[in-house]
Enquirer: 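Supplied in structure tokens, the structure appears directly below.
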Amino acid sequence: MLAWQDARDGNLAELYATAVSPAGDFLVNGERLVFNDDEEYLGDIAGDGSHFGIAYASDNLTGGDLDLWMALAEEDGDRVDSDRVDDLMMDQKKPRLVWDGSYWAMVWCDDRGVASQYNVYFAKIDPLSLNIIGSSELPLTLSMTYPPSPDIAWSGAEYGIVWNERETTEQLLFVGLGADGTVTIAPKPITTDYQRSFQPSIAWTSSEWVVAWAGWVTETNKGYWMTTLDIEGNKVTADVQVDFMTEIYEGEASPISIVHVPGLGIGAVWQKVVLLNQIDIYFQRFDYDLVPMGEPLRLTTSGFNHSPVLDRDGSGFGIAWSLGNPASGGEFPIVRFARVGCL
């Protein structure tokens, strides 16, 4: 399933979804998931085998804060339900979602302690009420003035969570949580030799965590990197540079996304600034040692393409992204989709 923000019919940015066929065809023109007068910001989408959960932040346009919500949809995109995950009055944003076999688990950042002082939070979500379960809500960080971008994955027994923390330099941290949401691996740094490392993506391979991120070592050496971690969060491989560039376009969404295909390695998709007003989308497969399998596949050759996301099924990868510069004024981004085979 594919979900996106949509301002059709004069509405604010509401959420829509559609099922996508194996051939890459949209089966409907978008089912509306949210019906209110607020403005929604899509965070993440995950499946439980029969439904899809969509995590998003909603601007009630009164207090200026974003509230954390979740919607539930059928596999064809039909809306089942939506509800507020948390009703605290603060700025909650950048939710990421995973299904652990019994419950939804979500990470996000908010400034509940002091305005504009952000923490990363974790919570388990009841699959029926879509509300936080009991006392499962857990702060993972100290307050930061810069809102971090967390991500989460499930190993079958534990959650792996990564985020970027900017104090003097911006580094990535990893933390492990047990199935009950208690900390099993205290936060530990993944990147220490970079001026900046940010907007990470994490996946589980059945034996290791894989983490990808954007960043730069120096002002002239920017790009995307990947590394693998053991179950304890210790590095297994040295950092591998996925791509090199001199500029990185930083939007709200992560510029790189990874997914694991059992037995076939890691798929990665990213955006790359090619010219002043041109950003293209690239795809690459890697083996379990993070060695590239073939050459990168360039999916676009013109336009302002950004915010790529990646998922897979039994026969290939599905890749979606936005086309259009939201800062250009009058240019409304559209959603593009492509399928890439596993072989």
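Atom set for the values below is all heavy atoms of this structure, side chains included, hydrogens, waters and symmetry mates excluded.
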Enquirer: Same hydrophobic cluster for Phe286 and Val269, using side-chain heavy-atom links shorter than 4.5 Å among ILVMFWY?
Expert: no

Enquirer: Is it the case that Thr300 and Asp280 place a side-chain donor and acceptor less than 3.5 Å from each other?
Expert: yes

Enquirer: Fit a plane to each ring of Trp108 and Tyr121, take the angle between them on a 0 to 90° scale, and name the class: parallel (under 30°), tilted (30 to 60°) or perpendicular (over 60°).
Expert: parallel

Enquirer: I'd like to know if the side chain of His51 and the backbone of Val80 have a donor-acceptor N/O pair within less than 3.5 Å.
Expert: no

Enquirer: Do Leu172 and Val236 land in one hydrophobic cluster if side-chain heavy atoms of ILVMFWY residues count as linked below 4.5 Å?
Expert: no

Enquirer: Does the side chain of Gln271 reach to within under 4.5 Å of the side chain of Ile248, using non-hydrogen atoms?
Expert: no

Enquirer: Which is it for Thr227 and Lys235 under the side-chain hydrogen bond (donor to acceptor under 3.5 Å, both in side chains) test, yes or no, and what are the steps along the way?
Expert: CA-CA 7 Å; Thr227 194; Lys235 280 194 177 183; 4.5 Å; no

Enquirer: Can the ring centroids of Tyr224 and Phe244 be said to lie less than 6.0 angstrom from one another?
Expert: no

Enquirer: Can you name the closest pair of heavy atoms from Leu177 and Thr184 and give their distance?
Expert: N-OG1, 3.7 Å

Enquirer: Is a side-chain N or O of Ser254 found less than 3.5 angstrom from the main chain of Gln199, in a donor-acceptor match?
Expert: yes

Enquirer: Could you state the interatomic distance from CD1 (Ile266) to CZ (Arg312), rounded to the nearest 0.5 Å?
Expert: 10.0 Å

Enquirer: Just do the side-chain contact (heavy atoms from CB on, under 4.5 Å) check on Leu2 and Val335 with the steps written out, would you?
Expert: CA-CA 10 Å; Leu2 182 64; Val335 177; 3.8 Å; yes

Enquirer: Examine distances only and state if a side-chain atom of Thr237 and a backbone atom of Thr228 form a donor-acceptor pair shorter than 3.5 Å.
Expert: yes

Enquirer: So, taking the atom named CZ in Phe122 and the one named CG in Leu138, what distance separates them when rounded to the nearest 0.5 Å?
Expert: 7.5 Å

Enquirer: Given side chains that start at C-beta, do those of Lys272 and Ile279 come closer than 4.5 Å, heavy atoms only?
Expert: no

Enquirer: Begin with the C-alpha distance, continue with both residues' side-chain angles, and end with the deciding distance and a verdict on side-chain contact (heavy atoms from CB on, under 4.5 Å) for Phe174 and Trp209.
Expert: CA-CA 10 Å; Phe174 171 90; Trp209 304 104; 3.5 Å; yes

Enquirer: Taking the side chain as everything from C-beta on, heavy atoms only, tell me whether Val98 gets closer than 4.5 Å to Asp44.
Expert: no

Enquirer: Is any side-chain heavy atom of Leu15 less than 4.5 Å from a side-chain heavy atom of Ile54?
Expert: yes

Enquirer: After noting the C-alpha distance and the side-chain angles of Thr246 and Lys222, does the key distance pass the side-chain contact (heavy atoms from CB on, under 4.5 Å) rule?
Expert: CA-CA 6 Å; Thr246 57; Lys222 303 177 182 179; 5.8 Å; no

Enquirer: State, to 0.1 Å, how close Pro189 and Gln171 come at their nearest heavy-atom pair, and which atoms those are.
Expert: CB-OE1, 3.6 Å

Enquirer: Would you check if Trp270 and Val242 make a side-chain contact, meaning some heavy-atom pair closer than 4.5 Å?
Expert: yes

Enquirer: Could I get the full list of side-chain hydrogen bond (donor to acceptor under 3.5 Å, both in side chains) partners for Ser302, not counting sequence neighbours?
Expert: none

Enquirer: Without hydrogens or angle criteria, can the side chains of Ser257 and Ser201 be said to hold a donor-acceptor pair below 3.5 Å?
Expert: no

Enquirer: Quick check against the 3.5 Å criterion: does Gln278 have a side-chain atom that pairs as donor or acceptor with the backbone of Asn305?
Expert: no

Enquirer: Distance-only, no hydrogens or angles: does the Asp151 side chain make a donor-acceptor pair with backbone N or O of Ile202 under 3.5 Å?
Expert: yes

Enquirer: Below 30° counts as parallel, above 60° as perpendicular, anything between as tilted: where do the rings of Trp69 and Tyr56 land?
Expert: parallel

Enquirer: Suppose we screen for side chain to side chain contact (heavy atoms under 4.5 Å, CB included). Which residues come up paired with Trp99, at least two apart in sequence or across chains?
Expert: Asp48, Trp104, Pro127

Enquirer: Using a 3.5 Å distance criterion without hydrogens, assess whether the side chain of Gln5 forms a donor-acceptor pair with backbone atoms of Leu42.
Expert: yes

Enquirer: Please round to the nearest 0.5 Å and tell me the distance separating atom CH2 of Trp204 and atom CD of Glu158.
Expert: 8.0 Å

Enquirer: Taking all non-hydrogen atoms of both residues, which atom of Gly324 and which atom of His306 are closest, and how far apart?
Expert: O-NE2, 2.9 Å

Enquirer: Should Ile256 and Phe317 be counted in the same cluster of Ile, Leu, Val, Met, Phe, Trp and Tyr side chains packed under 4.5 Å apart?
Expert: no

Enquirer: On a heavy-atom basis, which atom in Thr182 and which in Asp180 lie closest, and how many Å separate them?
Expert: OG1-OD1, 2.8 Å

Enquirer: With rounding to the nearest 0.5 angstrom, report the OG to CD1 distance, Ser155 to Ile231.
Expert: 4.5 Å

Enquirer: Tyr194 vs Trp225 aromatic rings, parallel, tilted or perpendicular, using cut-offs 30° and 60°?
Expert: perpendicular

Enquirer: Assess whether atom CD of Glu219 is packed by more than 12 heavy atoms of other residues, nucleotides or ligands within 6.0 Å.
Expert: yes

Enquirer: With a 4.5 Å limit on heavy-atom distance, are the side chains of Leu173 and Val120 in contact?
Expert: no

Enquirer: Just by distance, no angles: are the side chains of Gln241 and Asp239 close enough, under 3.5 Å, to form a donor-acceptor pair?
Expert: no

Enquirer: How about Leu229 and Glu208: do any of their side-chain heavy atoms sit closer than 4.5 Å?
Expert: no

Enquirer: With heavy-atom distances below 4.5 Å as the criterion, would you say the side chains of Pro187 and Trp163 are in contact?
Expert: yes

Enquirer: Quick check for you: to the nearest 0.5 Å, what is the distance between Leu276 atom CG and Glu247 atom CD?
Expert: 9.5 Å

Enquirer: Indicate whether any N or O donor in one side chain lies under 3.5 Å from an N or O acceptor in the other, for Thr218 and Gln195.
Expert: no

Enquirer: With side-chain contact (heavy atoms from CB on, under 4.5 Å) as the criterion, how do Met106 and Met70 come out once you've worked through the C-alpha distance, each side chain's angles and the decisive distance to 0.1 Å?
Expert: CA-CA 10 Å; Met106 187 184 296; Met70 184 172 165; 4.3 Å; yes

Enquirer: Quick one: does Glu170's side chain have a donor or acceptor within less than 3.5 Å of a partner on Asn164's backbone?
Expert: no

Enquirer: Using atom types as modelled and distance alone, determine if a side-chain donor or acceptor of Lys188 lies under 3.5 Å from a backbone N or O of Glu232.
Expert: yes

Enquirer: So, for Gly267 and Leu310, which heavy atoms are closest and what is the spacing to 0.1 Å?
Expert: O-CD2, 3.2 Å

Enquirer: Indicate if Leu290 and Met293 have the same hydrophobic cluster label, given that clusters are the connected sets of ILVMFWY residues with side-chain heavy-atom separations under 4.5 angstrom.
Expert: no

Enquirer: So, Asp110 versus Tyr118: side-chain donor-acceptor pair below 3.5 Å or not?
Expert: no

Enquirer: Would you name the heavy atoms of Pro150 and Arg96 that are closest together and state the gap between them?
Expert: O-CG, 2.9 Å

Enquirer: Listed by chain and number, what are the ring-ring contact (aromatic ring centres under 6.0 Å, His included) partners of His260, not counting sequence neighbours?
Expert: Tyr288

Enquirer: Tell me whether Val240 is reachable from Val210 by hopping between hydrophobic residues (I, L, V, M, F, W, Y) whose side-chain heavy atoms are closer than 4.5 Å.
Expert: yes

Enquirer: So Asp100 and Tyr159, side-chain hydrogen bond (donor to acceptor under 3.5 Å, both in side chains) or not? Walk me through it.
Expert: CA-CA 9 Å; Asp100 68 7; Tyr159 304 102; 2.4 Å; yes

Enquirer: Do the side chains of Asp313 and Arg339 get close enough for a salt bridge, i.e. N-O under 4.0 angstrom?
Expert: yes

Enquirer: Working to the nearest 0.5 Å, report the span between CD1 of Ile319 and CH2 of Trp321.
Expert: 7.0 Å

